[in-house]
Amino acid sequence: MVVSSHAGRYREIAEVLARHGLGFLAGITGLGRWVPFHHGVLGHESRDLPYTNPEHLRLALEQLGPTFIKLGQLLSTRSDLLPPEYLQELAKLQDGTPPVPGETVRRLIQQELGAGPEELFAEFESEPLASASIGQAHAALLADGTRVVVKVRRPGVVARVQEDLEILQNLAAQAARRWEAAADYNLAGLAEEFARTLRAELDYLQEGRNAERFAGNFAGNPGVHIPRVFWDTTTSRVLTLERISGVKVDDLEGLDRAEIDRRALANRAVGVIAQMIFEDGFFHADPHPGNLFIETGGRIGLIDFGMVGEVDQKLRGQLAVLLVALARGDPERAGSALLDLSVAKRLVDRARLRADLTAVMALYQDRQLAEIDIAPLIGRLLALLREHHLQLPRDVALILKMVLMAEGMGVRLDPAFNLTETLSPYAQRLALHSISLSAYARRFGQAGLDAAELGVELPGKLRRILDLMDTDGFELHLRAAELEPLMERAERIGNRLVAGLIAAAFIRGVGELVVADKEEFRRWARPLMGAGLGGGATLGSYLAWTARRKKR
């Protein structure tokens, strides 16, 4: 049963869902009791052609306000969760709202910075440049003549967003219990991930730090302009940035009037995105055309750093393995790479996944990586993920969204644009880096940590085995699928052959322990518990003991 601490908001959400024929969502989230008997007006313009389910979902999210609009925008990036027709419709969500009155903005700046805008800036325009659900932007001029943009967070938006985030997390928990298909998705995790992302967008200090990090990453690239942050007039509610001016990247006529080489621009713009993902590991997660400006001379200006993603070393290595497997046409390795990148909430049929991947790769047989049209390939892989109930982490989903957006932008600028040709050098460097000596050194270091952890854990596990044998004994049931986690962990310590030998010896030894004399087992186990698996002699003594048992 849904808690009623936000009864009015629960009722509002239920009514909107009901008006748009989304009673199923109300049912699985526990909102059914809030749905009124009469749904009232439709809540959208009537038309001859019936609205589709994706359209109803978009309209409902728009009516529910800022938090739900942001949720829809985030879901529009999750190609692993939703089919294309929903993604296309949710991508239309607009975040525009009526502006906050100028007097309210002036009062807020006074509260945050200790002085009014007329004292802090040589000029300040009360009419906003843009108005969104979280904040709005105003043009201003510093005393030294620097043109800036002042972003001001809307009054009361934090409290409203926090209420909605709490409600969404409650609804996700209800759906996980009520909806059988929810077993395929980590709904609570998705809600928590969304809450973390949106809370970061509410903090303008974080956005300022993101901008400075991007500026550092592109410091050596004169073709990229990241706006400077003016910290003297920046707080968590007010952000002052250098103003970027130019032609929007999707304004083809404007680019032509400015005599910008669109073919060269397409490669440079996509190169900026590729550097973020494959080299820096820190990327702008919303590079839509409104956030990319082309300055005089062709320099690329980037704005709006509230939503970002990160690619750590492990994730980069996994992406490299997938790229290499796709380039080699190796469905076995590609399947393993997809599983490593994904979150599975149920046992995956590896044989069927491998067969499906083989069918996809057959379409790209005998092609070089640079010859592959990457957007259809990504689309097919995402369809496989949905079919096999695999879910991608947020940052991986954002990367795929960026890749697809990059291809769309490149083709719009230059119809002959080939995304794979632009990405190939970055992907190849990433793959080479993943097999470099330094990369192997990091892996060996991690293997040492895994071995040390195993040495610490093993004595305690052996004691529990002894305690179990002293009471009612135990039964041994082994299934191949259940050994996969053990094998994956052992593989980090050594190669596949060693892992197989260890697992085989362990299974055989434990099987013989079931019929072994308990006292003799104790004589073997006590040195292990005392030494913490400190050397090869103890493992050797165990193998010798099993050999003696075999001869008897």
Side-chain angles (χ1 to χ4, degrees), residues 95-158 200-249 251 254 258 272 284 286-287 290-308:
D95 195 18
T97 53
V100 176
E103 180 57 31
T104 303
V105 170
R106 192 199 70 79
R107 187 166 58 250
L108 190 149
I109 292 175
Q110 174 81 39
Q111 293 170 351
E112 285 295 300
L113 301 176
E118 64 279 357
E119 301 172 63
L120 297 167
F121 305 100
E123 295 179 11
F124 183 87
E125 295 184 11
S126 297
E127 192 69 23
L129 294 169
S131 178
S133 56
I134 289 178
Q136 60 189 44
H138 294 260
L141 193 70
L142 298 181
D144 63 1
T146 302
R147 298 168 70 241
V148 296
V149 171
V150 183
K151 294 178 68 173
V152 181
R153 197 173 70 198
R154 285 178 172 272
V157 69
V158 172
E201 283 197 64
L202 291 170
D203 183 2
Y204 284 161
L205 288 174
Q206 183 60 52
E207 182 173 346
R209 289 190 287 268
N210 292 341
E212 287 201 332
R213 185 171 173 181
F214 282 117
N217 290 342
F218 287 99
N221 188 341
V224 178
H225 184 189
I226 306 297
R228 176 186 170 191
V229 182
F230 294 91
W231 291 106
D232 288 345
T233 49
T234 292
T235 69
S236 63
R237 300 177 70 189
V238 177
L239 173 63
T240 304
L241 294 166
E242 177 187 5
R243 185 173 181 182
I244 300 288
S245 298
V247 182
K248 287 188 178 182
V249 73
D251 182 359
V272 169
H284 192 300
D286 193 22
N291 289 335
L292 284 170
F293 290 87
I294 311 305
E295 300 175 332
T296 303
R299 186 169 66 163
I300 298 172
L302 191 62
I303 65 169
D304 195 355
F305 309 98
M307 183 183 292
V308 298

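Side chains included, hydrogens not; waters and symmetry mates left out as well; all remaining heavy atoms used.
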Atom pair [atom1] ([X]) and [atom2] ([Y]), whose distance is rounded to the nearest 0.5 Å:
X: Asp232; Y: Thr240; atom1: CG; atom2: OG1; result: 9.5 Å
X: Ile226; Y: Glu242; atom1: CD1; atom2: CD; result: 10.0 Å
X: Ser245; Y: Ile303; atom1: OG; atom2: CD1; result: 10.0 Å
X: Asp304; Y: Leu292; atom1: CG; atom2: CG; result: 10.5 Å

Are any non-hydrogen side-chain atoms of [X] and [Y] less than 4.5 angstrom apart?
X: Ile109; Y: Phe124; result: yes
X: Leu241; Y: Arg228; result: no
X: Val150; Y: Leu239; result: no
X: Val238; Y: Thr234; result: no
X: Leu113; Y: Leu120; result: yes
X: Arg299; Y: Val224; result: no
X: Lys248; Y: Ile294; result: no
X: Arg153; Y: Ile134; result: yes

Non-hydrogen atoms of [X] and [Y] that approach each other most closely:
X: Gln136; Y: Ser131; value: OE1-OG, 3.6 Å
X: Pro155; Y: Thr104; value: CG-CG2, 3.8 Å
X: Ala211; Y: Val229; value: CB-CG2, 3.9 Å

* Between His138 and Glu125, is a side-chain contact (heavy atoms from CB on, under 4.5 Å) present by the stated rule, with each step listed? -> CA-CA 6 Å; His138 294 260; Glu125 295 184 11; 5.5 Å; no
* Structure fact -> In short, ring-ring contact (aromatic ring centres under 6.0 Å, His included) pairs touching residues 218-237 with sequence neighbours left out are none
* To do: Using modelled atom types only, decide if a donor and an acceptor are shared between the side chain of Asn210 and the backbone of Phe305 within a distance under 3.5 Å.
  => yes
* Asked: Cut-off 3.5 Å, side chains only: do Ser126 and Arg106 have a donor facing an acceptor?
  -> no
* Is it true that the side chains of Thr146 and Arg243 contain a donor and an acceptor less than 3.5 Å apart? -> no
* Asked: With Tyr204, which residues qualify under ring-ring contact (aromatic ring centres under 6.0 Å, His included), at least two apart?
  -> none
* Are Lys151 and Glu207 close enough for a salt bridge, meaning some N to O gap below 4.0 Å? -> yes
* Asked: Should we count CD of Glu127 as having more than 12 external heavy atoms under 6.0 Å?
  -> no
* To do: Give a yes or no on whether Arg209 atom CZ has more than 12 heavy-atom contacts from other residues, nucleotides or ligands under 6.0 Å away.
  => yes
* To do: Any chance you could lay out the side-chain contact (heavy atoms from CB on, under 4.5 Å) test for Val308 and Phe214, step after step, and finish with the verdict?
  => CA-CA 10 Å; Val308 298; Phe214 282 117; 3.8 Å; yes
